[in-house]
Amino acid sequence: MGPHIIAIAIGLILDKIIGDPPNWPHPVRWIGNLISKLTALLNRGNGRKAKGFLLVFIVVGITFIFTVVVLIAAYSVHVIVGIALESILIASGLAQKSLKDAAMEVYKPLVDKDLPAARQKLSWIVGRDTEKLDEKEITRGVVETVSENISDGITAPLFYAFLFAGAPGLWVYKAINTLDSMVGYKNEKYEEFGYASAKLDDIANYIPSRMTGYIIMLWGKKESTLPFKERMKGWWLDAKKHPSPNSGYLEAATAYQLGIQLGGINTYKGIISNRALMGIGEIPLNPSHILSTISHLNTAVFLFWLWLMVIGGVLLVIT
C-alpha cells in the first residue's frame with residue numbers, strides 16, 4: 001500500500017499545480033467513447049434495464065482490468081516507474097485546478113460587470129439556461145456547481161483511491177461517474193437503460209459526499225452568524241431537499257457556512273425547474289462568494305486527504 005499512498009499524494013499535488021491540460025489524452029474521453037459505442041449497440045429493443053447492468057459490468061470491468069495491467073507492468077520495471085505512472089493516472093482523475101479555473105473564468109468578467117461574457121463562461125460548466133441571468137443568479141450557478149463537484153470531482157475519487165489500492169479504485173469510480181453523466185437520465189431514452197448507472201453512482205457517492213459536507217461545516221470558511229448547532233441542523237435538513245441524494249450535502253454546507261441561500265428557479269432548454277431552497281439567506285449572494293466557495297474546495301480537499309491518511313495509518317497499525 002505504501003507506493004500507492006505516495007502516488008496519491010503526488011497525484012494530488014500534480015493536479016493542483018498542472019490540472020488537466022486540454023490537449024493531453026485523457027482516460028475519461030476513452031471511457032466516454034466506450035460508453036457511447038456500447039450504448040448505441042445495447043440501448044434498443046426489449047430488456048433495456050438488464051442491458052444497462054451489462055453496460056456497467058463491461059465498462060467498469062474493462063477500466064479496472066486495464067488500469068491494473070498497466071500498473072503491474074510499470075511496477076515490474078521499477079517501483080519509481082510505477083509510482084510515477086500511477087501519480088499521473090491519479091492526477092488525471094482529479095479536478096482541483098480545472099474546477100477552480102472554471103469558476104474563476106466566470107468570476108473575472110462578473111466582477112468587471114461584463115455579464116454577457118460571464119453568462120457565456122457559465123454556460124460551459126452548467127446545464128441550465130444562462131442567457132438572461134443577472135449577477136446574483138450567475139453567482140449562484142458557479143457556487144452550486146463548484147460545491148457539488150468538490151465530491152464528484154475530487155474527494156470521492158480520492159476516497160476510492162485510498163480504499164482500493166490507488167489508481168484502480170479511482171478509475172473504477174470515474175467510470176461509474178462517467179456512466180451516470182452519460183446515461184443516468186430520467187427520460188424516455190435512458191430511464192431503463194441508465195437505471196443501473198444512476199443507482200451505482202448514488203451508492204458510490206453516498207459516503208464521500210457526506211464526509212466532505214461535514215468537513216465544510218466543521219472547518220470551511222464561515223460567514224454566517226448562526227450558531228453552530230443551528231447551522232448543522234439546517235444543513236442536515238436542507239440537504240435532503242435536493243433532487244440528488246448526495247449533492248445536497250455539499251450545496252447545503254456551502255449555503256449555511258456562508259450565510260447565503262442556494263436553490264430556486266432554473267430553466268433547462270426553456271423548461272422551468274423549481275429547486276428547493278437551501279440556507280436562510282442572511283447575506284445576499286455576490287461574486288465574492290465564488291472565492292469563498294473555492295476556499296471551501298481547498299479546505300475540504302486537504303482535510304479529506306488528511307483524514308484518509310490518518311484513518312489509513314490507524315488501520316495499518318491495528319492490522
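This one's a predicted model, so the numbers in the text were calculated from it and none came from an experiment.
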S.K.: Rounded to the nearest 0.5 Å, how far apart are CH2 of W235 and CZ of R231?
M.R.: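 If I round to the nearest 0.5 Å, the distance is 12.0 Å.
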S.K.: For residues T63 and A175, report the shortest heavy-atom separation together with the two atoms involved.
M.R.: OG1-CB, 3.7 Å
S.K.: Quick one: does any side-chain atom of N149 pair with a main-chain N or O of T145 as donor and acceptor, under 3.5 Å?
M.R.: yes
S.K.: Who else is in the cluster with Y195 when I, L, V, M, F, W and Y are joined by side-chain contacts under 4.5 Å?
M.R.: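 For the cluster that includes Y195, the remaining residues are F53.
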S.K.: Can you check salt bridge (Lys or Arg N to Asp or Glu O under 4.0 Å) on K113 and E135, steps first, answer last?
M.R.: CA-CA 8 Å; K113 305 300 181 182; E135 180 183 273; 2.8 Å; yes
S.K.: Is the count of non-hydrogen atoms from other residues, nucleotides or ligands lying under 6.0 Å from K240 atom NZ greater than 12?
M.R.: yes
S.K.: Keeping the roles fixed (side chain from D129, backbone from G270), state whether a donor-acceptor pair exists under 3.5 Å.
M.R.: yes
S.K.: Measuring from N205:CG to M211:CE, what's the distance to the nearest 0.5 Å?
M.R.: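 N205 CG to M211 CE: 13.0 Å, rounded to 0.5 Å.
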S.K.: Rounded to the nearest 0.5 Å, what's the gap from OG on S181 to CG on D201? Could you check?
M.R.: 8.5 Å
S.K.: Determine the minimum heavy-atom distance between L71 and A167, stating which atoms define it.
M.R.: CD1-CB, 3.8 Å
S.K.: Quick one: pull up OG1 in T225 and NZ in K222 and give me the separation to the nearest 0.5 Å.
M.R.: 7.5 Å
S.K.: Which heavy atom of S36 sits nearest to which heavy atom of M182, and what is that distance?
M.R.: OG-CE, 3.2 Å
S.K.: Answer yes or no: is there a donor N or O on one side and an acceptor on the other, between the side chain of S273 and the main chain of N266, under 3.5 Å?
M.R.: no
S.K.: Check step by step if salt bridge (Lys or Arg N to Asp or Glu O under 4.0 Å) holds for E137 and R140.
M.R.: CA-CA 5 Å; E137 288 300 301; R140 179 167 73 86; 2.6 Å; yes
S.K.: Can you confirm whether D134 is buried at CG, in the sense that more than 12 heavy atoms of other residues, nucleotides or ligands lie under 6.0 Å from that atom?
M.R.: yes
S.K.: Apply salt bridge (charged side-chain N to carboxylate O under 4.0 Å, His left out) to R275 and list each qualifying residue two or more places apart in sequence or on a separate chain.
M.R.: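 Checked R275 against salt bridge (charged side-chain N to carboxylate O under 4.0 Å, His left out); zero matches.
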S.K.: Would the number of heavy atoms belonging to other residues, nucleotides or ligands and lying under 6.0 Å from OH of Y75 be above 12?
M.R.: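 Counting neighbours around OH of Y75, more than 12 heavy atoms of other residues, nucleotides or ligands fall under 6.0 Å, so yes.
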S.K.: Could you tell me whether Y268 atom OH has more than 12 heavy atoms of other residues or ligands within 6.0 Å of it?
M.R.: yes
S.K.: Is I216 linked to M278 within one hydrophobic cluster, defined over Ile, Leu, Val, Met, Phe, Trp and Tyr using a side-chain heavy-atom separation of less than 4.5 Å?
M.R.: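 Shared cluster, no.
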S.K.: Determine, for Y214 and R210, whether the Lys NZ or Arg CZ falls below 6.0 Å from the six-membered ring centre while staying within 45 degrees of the axis.
M.R.: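 Judged by the rule (NZ or CZ under 6.0 Å from the ring centre, within 45° of its axis), R210 is not positioned above Y214.
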S.K.: Over 60° means perpendicular and under 30° means parallel, so classify the ring planes of W305 and F302, tilted if in between.
M.R.: tilted
S.K.: Ion pair present between E192 and K51, side-chain N to carboxylate O less than 4.0 angstrom?
M.R.: no
S.K.: What distance separates K221 NZ from T293 OG1, expressed to the nearest 0.5 Å?
M.R.: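 Output value for this atom pair is 9.5 Å.
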S.K.: Are there over 12 heavy-atom neighbours, none belonging to L218, within less than 6.0 Å of that residue's CG?
M.R.: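 Counting other residues, nucleotides and ligands, CG of L218 exceeds 12 neighbours.
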S.K.: Other members of the hydrophobic cluster containing I272, with the 4.5 Å side-chain heavy-atom rule, please.
M.R.: I265
S.K.: Mind checking what makes side chain to side chain contact (heavy atoms under 4.5 Å, CB included) contact with L200, not counting sequence neighbours?
M.R.: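 So L200 forms a side chain to side chain contact (heavy atoms under 4.5 Å, CB included) with V56, I176.
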S.K.: Going by the rule salt bridge (charged side-chain N to carboxylate O under 4.0 Å, His left out), which residues pair with D101 if we only count those two or more places apart in sequence or in a different chain?
M.R.: K97
S.K.: Given 3.5 Å as the limit, does a donor-acceptor pair link the side chain of N33 with the main chain of R29, or not?
M.R.: yes
S.K.: Indicate the atoms forming the closest heavy-atom contact of V183 with Y190, along with that distance.
M.R.: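 Closest heavy-atom pair between V183 and Y190: O-CB, 3.2 Å.
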S.K.: Atom CG in D152, atom OG in S244: separation rounded to 0.5 Å?
M.R.: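 One gets 7.5 Å once the value is rounded to the nearest 0.5 Å.
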S.K.: Taking everything shown except K241 itself, do over 12 heavy atoms lie less than 6.0 Å from its NZ?
M.R.: yes
S.K.: Would you say the side-chain atoms of W171 pair up with the backbone N or O of P27, donor to acceptor, closer than 3.5 Å?
M.R.: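 Side chain of W171 to backbone of P27, a donor-acceptor pair under 3.5 Å: no, none is there.
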S.K.: Quick one: which of F164, F159, Y160 gives a ring-ring contact (aromatic ring centres under 6.0 Å, His included) with Y173?
M.R.: Y160
S.K.: Who passes salt bridge (charged side-chain N to carboxylate O under 4.0 Å, His left out) against E282, sequence neighbours left out?
M.R.: none
S.K.: Between the side chains of H242 and E251, does any donor sit under 3.5 Å from an acceptor?
M.R.: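 Yes, side-chain donor-acceptor contact under 3.5 Å.
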S.K.: Test of understanding: clusters of I, L, V, M, F, W, Y form through side-chain heavy atoms closer than 4.5 Å, transitively. Do W219 and L291 belong to the same one?
M.R.: yes
S.K.: If you compare all heavy atoms of I83 against all heavy atoms of I6, which two are closest, and at what distance to 0.1 Å?
M.R.: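 Nearest heavy atoms, I83 then I6: CG2-CG2, 4.0 Å.
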S.K.: Any chance CD1 of I10 has more than 12 other-residue heavy atoms, nucleotides or ligands included, within less than 6.0 Å?
M.R.: yes
S.K.: Main chain of L133, side chain of R119: is a donor-acceptor contact present, judged purely on distance under 3.5 Å?
M.R.: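 Here the side-chain-to-backbone pair exists.
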S.K.: Quick check: are there more than 12 heavy atoms from other residues, nucleotides or ligands sitting under 6.0 Å from NZ of K16?
M.R.: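 No.
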S.K.: Hey, does the side chain of E86 reach the backbone of A7 with a donor-acceptor pair shorter than 3.5 angstrom?
M.R.: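 Checking the backbone N and O of A7 against the side chain of E86, no donor-acceptor pair under 3.5 Å is found.
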S.K.: When hydrophobic residues are tied together by side-chain contacts of less than 4.5 Å, even through go-betweens, does L38 share a cluster with W30?
M.R.: no
S.K.: Provide the closest heavy-atom pair for L277 versus D238 in the form atom of the first, atom of the second, distance.
M.R.: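 In this case the closest contact between L277 and D238 is O-OD2, 4.0 Å.
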